[in-house]
> 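If you scroll down you'll find the structure; I have some questions about it.
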Amino acid sequence: MPHPLPADPEAAERIRRRYALERRLADRIREAPAARRPTAVREAYDTFFREAEPSPPDPAEVELQAAVLAPWIAPGTRLLDFGAGSGALARRMAAGGAQVVALEASHELVARARARGDEGLDGIRWLTVEEAEDGGLAPGSVDLAWSCHVVEHLHPDDLQPHLRQLHHWLAAGGHALLATPSRLWGPHDVSRYFDRRATGFHLREYTHGELARSLSHAGFVEPRPLDLSGRPRPLASTARTERLLGLLPPPVRALALQRLARGGRPEPLRPLEQVLLVARRL
């Protein structure tokens, strides 16, 4: 069943307006021809950030991401933060000694970062995706690529190009770390209040097994799940559990997931709720 709307009428109306905006803009991305899709994505998110001001960064969320990245970061690590958003994580990691490229599809967010003086701050460099693709980011120029809550916003046909981009920009032996909400617990975007599947800005949600296969197809090796402290775990058991849960009818699967979550972390960090993966470039 869809997630219940808040009892407060004003809060419920804000969610309805947000859903209408996301559906309208996401449908433009879904319907755009492949050649025009990058422009459609940029226009959709620029429109969104002008019409619906994003929430301020959650310090707890920034610290959680920093904890996942910590085992993979050392002073001087060249970090690509793909989907840098407000830049809060980029600033956090740069303060710890990483050399950060903050990458965004939204020209609006990059312009805001440059206007507030983030460009060059503690070694942070801001780029739009187009600037990076046009030579602003050299092949093999980063040690670690962090793609957090990005892939669910991509058209499914653009997942492989995104992963191949990360592979292209990584140095030999570098790692890609990806985080995305799991399809099994979804939908996770605003459509959770109205639909059984993601129909807002989440164009597709994934499982560990699905995303691991996509990473392998893009040329990465050793895709493995991570725990919330950034430590790798075996893939086979996680993928097997996901496959079994995926065979269950949605209401039965929801009950099984709720049982798995008893006594553990709260939403959105319940078991299997976040897909966290690391993979290496040879």
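Starting from 1, each residue takes its place in the sequence as its number. Computed from a predicted structure; not experimentally measured.
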> Taking the side chain from T77 and the backbone from L79, do they hold a donor-acceptor pair closer than 3.5 Å?
no
> Not counting sequence neighbours, list each pair that qualifies as a salt bridge (Lys or Arg N to Asp or Glu O under 4.0 Å) and has a residue in residues 230-247.
D227-R231
> Listing request: all salt bridge (Lys or Arg N to Asp or Glu O under 4.0 Å) pairs with a residue in residues 63-86, at least two apart in sequence or in separate chains.
E63-R92, R78-D143
> Would a 4.5 Å heavy-atom cut-off, applied to side chains only, mark L25 and Y45 as touching?
no
> I need the full list of salt bridge (Lys or Arg N to Asp or Glu O under 4.0 Å) pairs touching residues 145-156, with sequence neighbours left out, sorted by first then second residue.
none
> What residues, two or more places apart in sequence or in another chain, satisfy salt bridge (Lys or Arg N to Asp or Glu O under 4.0 Å) together with E130?
R42
> Can you run down the ring-ring contact (aromatic ring centres under 6.0 Å, His included) pairs that involve residues 69-90, sequence neighbours left out, and say none if there aren't any?
W72-H175, F82-H162
> Determine which pairs satisfy salt bridge (Lys or Arg N to Asp or Glu O under 4.0 Å) with at least one residue from residues 154-170, sequence neighbours left out, and list them in order.
R37-D158
> For R116, check side-chain contact (heavy atoms from CB on, under 4.5 Å) against everything at least two apart and list the hits.
R91, R112, A113, D118, W126
> Taking the side chain as every heavy atom from C-beta outward, state whether L178 and V150 have any atom pair closer than 4.5 Å.
no
> Under the salt bridge (Lys or Arg N to Asp or Glu O under 4.0 Å) rule, collect the residues that match up with R213, sequence neighbours excluded.
none
> Which residues pass the salt bridge (Lys or Arg N to Asp or Glu O under 4.0 Å) test with D189, not counting sequence neighbours?
none
> With a 4.5 Å limit on heavy-atom distance, are the side chains of P187 and T199 in contact?
no
> Please tabulate, for the side chains in residues 263-281, all donor-acceptor contacts under 3.5 angstrom to protein atoms that are two or more places apart in sequence or on a different chain.
{"residue": "E267", "atom": "OE2", "partner": "R192", "partner atom": "NH1", "Å": "3.3"}
{"residue": "E267", "atom": "OE2", "partner": "R192", "partner atom": "NH2", "Å": "2.7"}
{"residue": "R270", "atom": "NE", "partner": "E273", "partner atom": "OE1", "Å": "2.8"}
{"residue": "R270", "atom": "NH2", "partner": "E273", "partner atom": "OE2", "Å": "2.8"}
{"residue": "E273", "atom": "OE1", "partner": "L269", "partner atom": "N", "Å": "3.3"}
{"residue": "E273", "atom": "OE1", "partner": "R270", "partner atom": "N", "Å": "3.0"}
{"residue": "Q274", "atom": "OE1", "partner": "H149", "partner atom": "NE2", "Å": "3.0"}
{"residue": "Q274", "atom": "NE2", "partner": "P268", "partner atom": "O", "Å": "3.1"}
{"residue": "R280", "atom": "NE", "partner": "E222", "partner atom": "OE1", "Å": "3.4"}
{"residue": "R280", "atom": "NH2", "partner": "E222", "partner atom": "OE2", "Å": "3.3"}
{"residue": "R281", "atom": "NH1", "partner": "H167", "partner atom": "O", "Å": "2.8"}
{"residue": "R281", "atom": "NH1", "partner": "L170", "partner atom": "O", "Å": "2.7"}

> Can you name the closest pair of heavy atoms from L228 and V68 and give their distance?
O-CG2, 3.5 Å
> Going by side chain to side chain donor-acceptor pair (under 3.5 Å), name the residues that satisfy it together with H155, two or more places apart in sequence or in a different chain.
none
> Quick one: list whatever passes salt bridge (Lys or Arg N to Asp or Glu O under 4.0 Å) with R197, sequence neighbours left out.
none
